[in-house]
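Everything on this sheet refers to the single structure shown next.
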Amino acid sequence: QVQLVESGGGLVQAGSSLRLSCAASGRTFSSYAMGWFRQAPGKERDFVAAITRSGGSTYYTDSVKGRFTISRNNAKNTVYLQMNSLKPEDTAVYYCAADVSVIPGTSITAYDYWGQGTQVTVSS
C-alpha cells in the first residue's frame, strides 16, 4: 500500500500561482503512476493531470494545459502540481492518487490509492 498526503492549497486571487505537493509513504513510490484530480462543490471528481512512473510522460485535461505542470521527484517520494494563472473555475478540492498501471488513467476508477485532498480557492 501507499499513503498519500497533499499540501499547498490555499486562498489566492485570480492570476496567482500555487504549488501543490503530495508526499507518499509505504511501498516504492516509483512503482506508481501518479495523478491529480479535483472536485468542486456539487460536482464530480475530475481528472486534472497525470505522470508516468519515471516522469517521462505527462497528461493534462484541456482546461489546464499551458497553465498547470505536473512533476515528480522519486528520490523525495513526492509529486507536484504547479498551478499558474489560476482562475476562479479552478476552485476545488485537489486530490492526488496513485495508479499501479504503466500508463496512468484519466478516470477515478483507474487509481488505487487516494490522499485526503487539499482545498484551493481562487477569488475573482
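Using modelled atom types, one side-chain atom of R67 and one backbone atom of S85 make a donor-acceptor pair closer than 3.5 Å. When atom types are taken as modelled, the side chain of S54 and the backbone of G56 share a donor-acceptor pair closer than 3.5 angstrom. A donor-acceptor pair under 3.5 Å is formed between the side chain of E6 and the backbone N or O of G117. With T52 contributing its side chain and S57 its backbone, the two residues share a donor-acceptor pair below 3.5 Å. Between the Y80 side chain and the R19 main chain, no donor and acceptor come within less than 3.5 Å of each other.
Here W114 contributes atom CH2 and F37 contributes atom CZ; the two are 4.5 Å apart, rounded to the nearest 0.5 Å.
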side-chain contact (heavy atoms from CB on, under 4.5 Å) between T118 and L20, intermediate numbers included: CA-CA 8 Å; T118 186; L20 305 183; 4.0 Å; yes
Before giving the answer on side-chain hydrogen bond (donor to acceptor under 3.5 Å, both in side chains), spell out for S107 and T109 the whole-Å C-alpha distance, their side-chain angles and the decisive distance to 0.1 Å. CA-CA 5 Å; S107 68; T109 57; 3.0 Å; yes
Apply the test side-chain contact (heavy atoms from CB on, under 4.5 Å) to residues T121 and V12: give CA-CA distance (whole Å), side-chain angles for both, the deciding distance (0.1 Å), then the verdict. CA-CA 6 Å; T121 303; V12 297; over 6 Å; no
Residue pair S17, M83: steps toward the side-chain contact (heavy atoms from CB on, under 4.5 Å) verdict: CA-CA 5 Å; S17 298; M83 306 186 295; over 6 Å; no
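A cation-pi arrangement is present between R72 and F29, with the terminal nitrogen or guanidinium carbon under 6.0 Å from the aromatic centre and inside a 45° cone about the axis. For the pair R53 and Y32, the cation-pi criterion (under 6.0 Å, within 45° of the ring axis) is not fulfilled.
Heavy atoms only, all atoms of each residue included: A33 and V102 are closest at CB-O, 4.5 Å.
Between F68 and W36, the ring center distance fails the sub-6.0 Å criterion.
The only option from D46, T91, D90 that meets the side chain to side chain donor-acceptor pair (under 3.5 Å) definition with R38 turns out to be D90.
Annotation: side chain of S101 is not in contact with side chain of I103 (no heavy-atom distance under 4.5 Å).
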